[in-house]
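The residues of the chain are indexed from 1 along the displayed sequence. Ligands are counted one by one from 1 in listed order, and the atoms in each one are counted from 1 as well.
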Amino acid sequence: SNEPAASETAGGEQLATNTGCDAGEQVIKFSHVTNTDKHPKGIAANLLQERINTEMNGRMCMEVYPNSMLYDDDKVLEAMLLGDVQMAAPSLSKFENYTTKLRLFNFPFLFDDIDAVDRFQASPSGQALLSSMTGKGLQGLAFWHSGMKQLSADRPLLVPADARGLKFRVENSDVLVAVFDQLGANPQKMSFSEVYGALQTGVVDGQENSWSNIYGQKFYEVQDGITNTDHGVLDYMVVTSSRWWDGLKEEDRRDLTRILSEVTAERNQAVNQLEQEAREAIAATGAEIRELTPEQREQWVNALRPVWQKFTPDVGAETLKAAQAANQ
Ligand code: LMR
């Protein structure tokens with residue numbers, strides 16, 4: 001079947017894109033946590049669904065469940081290993097229980113921009129990371145980009161000392177905990193769906209995320225402006241269970257691989273534009289966007305550099321070198 005049957009909220013936001021799979025079609029449930037409208041992951045997942053359901057009609061059928069409606073990122077990988085969901089694209093910070101190699105992506109100020117991330121991921125060291133969790137039953141299929149991370153709180157943040165003593169929501173990554181510890185702040189791991197409420201009620205004071213997530217989740221509404229720090233990256237791994245993947249018919253696996261790689265190339269090259277649009281949309285609401293002077297930025301870089309040493313043994317010195325070399 002390939003007729004879309006999405007349900008919509010009053011705001012027009014797509015909630016589910018359950019296509020009504022036909023009998024005999026193998027169902028691929030794809031669970032993720034972001035919105036679908038103007039979001040890099042939301043758009044890529046929907047495009048993947050559309051293409052699979054057209055080009056593999058009668059054989060395979062994808063159902064995308066966005067907005068944490070099926071699982072949040074802390075649960076989706078367990079569900080995948082149990083066979084309850086077949087694909088997801090969690091951020092690279094959410095694989096802590098399966099490998100420490102992906103901690104590389106959370107090193108502060110490691111990558112200059114998403115193009116550098118792309119070059120590293122395309123290198124042999126980057127591609128090897130897709131198979132870093134096969135021993136745990138997870139197979140990485142592709143990297144999907146989101147954007148550089150920006151920083152915000154309920155007060156202006158211009159120098160590292162401004163973050164001292166504040167509570168920050170972080171993704172489920174020990175590197176991110178170390179980053180905010182290093183600033184003298186109080187990091188708190190929390191799932192994505194809980195962040196807006198936590199900022200609103202003061203359970204946490206601040207957060208870090210891509211422009212598209214800050215826009216899509218409306219974090220700017222409950223923060224005192226956003227500081228353009230580009231201090232880290234938010235990127236995703238499209239992942240499946242090795243057991244499910246190895247059990248596919250040869251022809252189905254080949255077609256899925258080709259469609260996924262075409263969708264990945266198409267959407268990854270559009271991502272910088274999408275992030276820029278999210279930034280402009282935030283500014284258009286009247287929310288304050290703060291720029292750092294070169295001297296202020298240097299203070300953040302220096303304050304956070306000790307975090308690298310702590311986690312280099314986890315990621316490997318060679319891999320770290322390859323990542324640095326991707327900044328041309
Ligand atoms: C987050 O938890 O902040 C992000 O990983 C959410 C996402 O998938 O973009």
Q.
Any nitrogen or oxygen of H39 lying under 3.5 Å from a nitrogen or oxygen in ligand 1? Just yes or no.
A.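 Min N/O separation from ligand 1 is not below 3.5 Å for H39.
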Q. N/O of N209 under 3.5 Å from N/O of ligand 1, yes or no?
A.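 Looking only at distances, the answer is yes, because the N/O contact criterion of under 3.5 Å is met.
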Nearest protein heavy atom with distance in Å, relative to [atom]:
atom                   : value
atom 5 (O) of ligand 1 : E171 OE2, 2.5 Å
atom 8 (O) of ligand 1 : K41 NZ, 2.6 Å
atom 9 (O) of ligand 1 : Y236 OH, 2.5 Å

Taking 4.0 angstrom as the limit and counting only heavy atoms of [X], give me the atoms of ligand 1 inside it, by number and element.
X   : result
V33 : 6 (C), 7 (C), 8 (O)
T34 : 7 (C), 8 (O), 9 (O)
S91 : 5 (O)

Classify the ring geometry between [X] and [Y] as parallel (under 30°), tilted (30 to 60°) or perpendicular (over 60°).
X    : Y    : result
F111 : F120 : tilted
H39  : Y236 : tilted
F143 : F105 : tilted

What I want to find out is whether [X] reaches [Y] closely enough, with some N-O distance under 4.0 Å, to be called a salt bridge.
X    : Y    : answer
E318 : K321 : yes
D224 : R155 : no
R297 : E291 : no

Q. What do you reckon, does R169 put a non-hydrogen atom under 4.0 Å from ligand 1?
A.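 The answer is yes: ligand 1 sits under 4.0 Å from a heavy atom of R169.
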Q) Does K94 have a non-hydrogen atom less than 4.0 Å from ligand 1? A)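 For ligand 1, residue contact (heavy atoms, under 4.0 Å) with K94 is present.
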At under 4.0 Å between heavy atoms, is it the side chain or the backbone of [X] that contacts ligand 1, or both, or neither?
X    : value
L234 : side chain
E194 : neither
H32  : neither

(Q) Give me each pair satisfying salt bridge (Lys or Arg N to Asp or Glu O under 4.0 Å) with a member in residues 232-242, each pair once, sequence neighbours excluded. (A)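 Listed once each, the pairs would be none.
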Q.
If the condition is salt bridge (charged side-chain N to carboxylate O under 4.0 Å, His left out), which residues does E208 pass it with, not counting sequence neighbours?
A.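 So E208 forms a salt bridge (charged side-chain N to carboxylate O under 4.0 Å, His left out) with K149.
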Q: Would you please say whether a donor-acceptor pair under 3.5 Å links the side chains of E96 and Y98?
A: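 The criterion, which ignores hydrogens and geometry beyond distance, is not satisfied for Y98 and E96.
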